[in-house]
Amino acid sequence: MTNKEILYGLYNDEEILLRAVDAAKAAHIDIWDVFTPFPVHGLDPKLGLAESRLHIAGFVYGLIGTLTAFLSMSWIFTRDWPIIFGGKPYWSVPAFIPITFELTVLFASIGMVVSFYIVNGQGPGITNPVLDDRITDDKFCIAFDVAGASEEQLDGLKKFFSNTGASEVNTKVLPVR
Amino acid sequence: MSAPIAVIREPLINGGKTYHDITEDICAPTERAPSVPWVIGFIISASFLAFYVFCVLWTIWFGIGTWDLNRTVGWGWDITNFVWWVGIGHAGTLISAILLLFRQKWRTGVNRAAEAMTIFAVMCAGQFPLIHMGRLWLGFFIFPYPNTRGPLWVNFNSPLLWDVFAISTYLTVSLLFWYTGLVPDFATVRDRAKGFRKKVYNVLSFGWTGSAKHWQRWESLSLVLAGLATPLVLSVHTIVSFDFATSVIPGWHTTIFPPYFVAGAIFSGFAMVLTLMLVVRKLFKLQDYITIAHIESMNTVILVTGTIVGVAYLTELFVAWYSGYLPEQWAFYNRVFGPYYWSYIGMMSCNVLSPQLFWSRKMRRNITVTFFMSIFINIGMWFERFVIIATTLARDYLPSSWSYYTPTWVEIGIFAGTLGLFFTLFLVFCRVAPVIAIAEVKSILKTAGDQYTGPNAKHHHHAHDEHKTAAH
């Protein structure tokens with residue numbers, strides 16, 4: 001287990017942050033991560049983040065819900081314990097629609113939320129290292145992984161921060177899981 | 001990048017706030033000692049809650065006979081209260097989901113509290129069918145699970161069972177949606193807290209860091225959950241209305257019920273949101289975030305849904321007459337002129353006539369009027385459910401079994417007690433969680449806040465970047 005050494009700069013506004021991200025891209029500097037107090041629009045394409053596939057997972061979970069509900073009700077009312085209700089056929093599909101719909105939504109929602117926390121590495125009782133307490137308040141942070149970087153490279157990155165208008169520059173060692 | 005702000009739109013955040021101000025203002029109520037009004041409110045609510053527990057135990061000990069339900073009127077205050085609470089529980093998801101899909105920025109000021117209100121209202125609603133079972137401890141029989149009695153399954157063709165699925169799904173999804181929104185804000189509180197509070201909020205915030213990828217997934221998740229919750233919220237009250245509409249009782253057996261119930265639900269839910277938000281903004285000094293513009297938007301929704309409900313009442317009367325079907329005509333004649341005529345008057349005046357005040361912009365923006373109106377509407381919507389349930393049952397096909405129903409102190413106590421449950425939960429929520437979605441409010445600050453809309457910067461300065469930097 002090696003530790004991650006992080007050099008990070010804090011910016012006061014998302015507009016300055018976005019320009020800094022552009023500048024880093026132009027200078028071919030690899031950004032380790034960006035942290036913001038709220039979702040900043042236009043940041044994802046600049047960082048080259050691929051679109052989240054969470055909604056595809058949601059569709060699959062929903063489909064599982066649809067099939068679970070519809071097939072179980074069909075099996076119960078035609079094979080396991082057929083009962084005539086109000087003179088209707090055993091397999092009365094229209095009456096199955098509400099529950100099928102509800103379970104579709106239920107499965108999709110629970111599945112997506114659980115997946116969200118798993119892929120984020122988050123959950124009840126999990127503590128992830130925080131670079132700076134003000135990131136969830138009003139600071140916008142660009143972080144570089146500087147493990148094994150030379151003095152020269154470090155100076156270059158610090159210069160980058162001062163050139164792009166960072167209000168503070170710090171280093172922090174993060175434990176790697 | 002950011003959308004140009006229209007000149008005609010009022011700012012949704014006042015007071016020239018910075019991002020840090022927003023954090024300070026919204027976290028403050030969770031960080032200081034509870035105020036005197038909060039403590040008084042909490043003691044009153046908790047007393048009602050205690051009385052609720054007493055009344056429920058009384059009911060379980062002596063049986064449902066302690067309510068004045070009889071052979072003719074089998075559903076009284078219990079189901080009235082159930083439908084009333086479920087209806088109130090519709091505004092939260094409407095605000096957070098449907099308004100998210102419609103990109104309405106004013107939702108950010110009220111969505112958090114409205115969603116909390118939704119969850120608590122649905123919890124209150126769920127109490128009634130459970131208590132009405134009599135043998136509460138057998139409540140799990142309503143879920144289909146492989147059992148040793150056959151297995152004997154539940155009736156999947158019954159609207160009452162659909163209700164079980166609809167309401168439990170609604171509660172679960174609302175809870176997930178609400179909590180997912182809360183996680184980044186709990187992280188904000190965590191990063192400001194010290195000692196034991198930090199530990200608590202560390203657990204609550206699930207290890208949130210604010211990484212760009214996490215925000216991207218968070219937005220994707222919120223959008224899909226909103227897309228799922230939108231048909232869900234419409235389905236819930238539709239299914240509640242099926243409890244009545246699929247029966248063969250004149251006055252219940254109508255196809256207008258689903259849309260009419262959904263409109264009524266949104267109507268009463270918004271009224272309850274307004275009642276709560278008017279108190280919250282004053283008590284916690286959040287007038288800069290829950291502005292007159294928010295109140296006006298909600299009052300507009302109330303006017304629209306109230307009028308839809310009014311049209312539905314009149315349509316019911318017309319169709320009953322036009323159908324030429326005698327029992328149906330009699331059912332509606334009885335509703336208006338029968339022994340419960342007073343509840344029909346209450347319903348009509350509170351739900352249809354009084355919201356018409358909101359055609360006037362001055363009234364929509366008047367806080368006192370809005371507050372009283374929000375209470376009237378909830379009284380009116382309670383009467384609506386009582387009219388539909390008790391009036392219809394008291395005079396059925398068989399005149400020999402006609403009866404009149406009045407509640408006992410136990411039933412009244414249970415209803416008052418659920419109000420205690422609701423307000424206790426809401427007051428605790430106000431102390432523990434940020435009542436306004438901090439991250440979401442920050443994200444609309446530049447496009448919908450007042451900073452960049454000073455007197456000399458009224459025109460579309462957000463459209464171009466150079467103008468924006470000039471405004472700094």
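As a basis for the values below, the full set of heavy atoms in this structure was taken, side chains included, without hydrogen atoms, waters or symmetry mates. Quick caveat, the model's predicted, so the values are computed rather than measured.
P159(B) does not touch chain A: none of its heavy atoms, backbone or side chain, sits under 4.5 Å away. Of the atoms belonging to W153(B), it is side-chain heavy atoms, and not backbone ones, that fall under 4.5 Å from chain A. Contacts of L131(A) with chain B are absent, with no heavy-atom separation under 4.5 Å from either backbone or side chain. Heavy atoms of V154(B) lying under 4.5 Å from chain A belong exclusively to its backbone. Looking at I135(A), only its side chain comes within 4.5 Å of chain B, counting heavy atoms on both sides. Heavy-atom distances place no part of V40(A) under 4.5 Å from chain B, backbone and side chain included. In this structure, chain B has a heavy atom under 4.5 Å from the side chain of V130(A), while its backbone stays farther away. With a threshold of 4.5 angstrom between heavy atoms, D21(B) does not approach chain A through any atom at all. Heavy atoms of D137(A) lying under 4.5 Å from chain B belong to its backbone as well as its side chain.
Put simply, of E14(A), K88(A), H55(A), the one with the most heavy-atom pairs under 4.5 Å next to chain B is E14(A). Listed options L176(B), V173(B), V203(B), T238(B) were ranked by heavy-atom pairs under 4.5 angstrom with chain A; first place goes to L176(B). Each of L228(B), I239(B), L221(B) has some count of heavy-atom pairs under 4.5 Å with chain A, and the biggest count is that of L221(B). Here G150(B) is the residue among G150(B), P144(B), A229(B), P184(B) with the most heavy-atom pairs under 4.5 Å with chain A. Note: E219(B) leads E219(B), E24(B), K199(B), E440(B) in heavy-atom pairs under 4.5 Å with chain A. By number of non-hydrogen pairs under 4.5 angstrom with chain B, the leading residue of G123(A), S52(A), G125(A), S92(A) is G123(A). Ranked by heavy-atom pairs under 4.5 Å with chain B, the first of L54(A), N120(A), L106(A), V105(A) is N120(A). Ranked by heavy-atom pairs under 4.5 Å with chain A, the first of W162(B), Y170(B), F242(B) is W162(B). In terms of non-hydrogen atom pairs under 4.5 Å with chain B, the most contact-rich of S115(A), G86(A), A143(A), A50(A) is A50(A).
Atom CZ of R149(B) has more than 12 neighbouring heavy atoms from other residues, nucleotides or ligands inside a 6.0 Å radius. At most 12 heavy atoms of other shown residues, nucleotides or ligands fall within 6.0 angstrom of atom CD in E51(A). Atom CZ of F59(A) sits in a sparse spot, with 12 or fewer heavy atoms from other residues, nucleotides or ligands closer than 6.0 Å. For R197(B), the CZ atom is densely surrounded, since the number of other residues' heavy atoms within 6.0 Å is greater than 12. Counting heavy atoms of neighbouring residues, nucleotides and ligands inside a 6.0 Å radius, atom NZ of K198(B) exceeds 12 of them. Within 6.0 Å of atom OH in Y145(B), more than 12 heavy atoms from other residues, nucleotides or ligands are found, so the atom counts as buried in its surroundings.
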Side chain to side chain contact (heavy atoms under 4.5 Å, CB included) evaluation trace for V113(A) with T180(B): CA-CA 8 Å; V113(A) 170; T180(B) 305; 4.2 Å; yes
Does L445(B) form a side chain to side chain contact (heavy atoms under 4.5 Å, CB included) with F38(A)? I'd like the steps, not just the answer. CA-CA 11 Å; L445(B) 181 66; F38(A) 58 84; over 6 Å; no
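With values rounded to the nearest 0.5 angstrom, R53(A) atom CZ is found 11.0 Å from S220(B) atom OG. The distance from the OG atom of S72(A) to the CZ atom of F156(B) is 7.0 Å, given to the nearest 0.5 Å. Within the model, atoms CD1 of I76(A) and CG of N155(B) stand 11.5 Å from one another, a figure rounded to the nearest 0.5 Å.
Contact residues of residues 206-216 of chain B toward chain A are F206(B), G207(B), W208(B), T209(B), G210(B), S211(B), A212(B), K213(B), H214(B), W215(B), Q216(B) (heavy-atom distance under 4.5 Å).
Residues T172(B) and I110(A) meet the side-chain proximity criterion, which asks for heavy atoms closer than 4.5 Å. Considering only heavy atoms from C-beta on, F107(A) stays 4.5 Å or farther from T169(B) through its side chain. Taking the side chain as every heavy atom from C-beta outward, E102(A) and L232(B) approach each other to under 4.5 Å.
Heavy atoms only, all atoms of each residue included: W81(A) and P151(B) are closest at CE3-O, 3.2 Å.
For Y201(B), there are no side chain to side chain donor-acceptor pair (under 3.5 Å) partners at least two apart in sequence or on another chain.
Between F140(A) and Y19(B), the distance separating the two ring centers is shorter than 6.0 angstrom.
Checked options D191(B), V189(B), I438(B); the residue passing with T136(A) is D191(B) (criterion: side chain to side chain contact (heavy atoms under 4.5 Å, CB included)).
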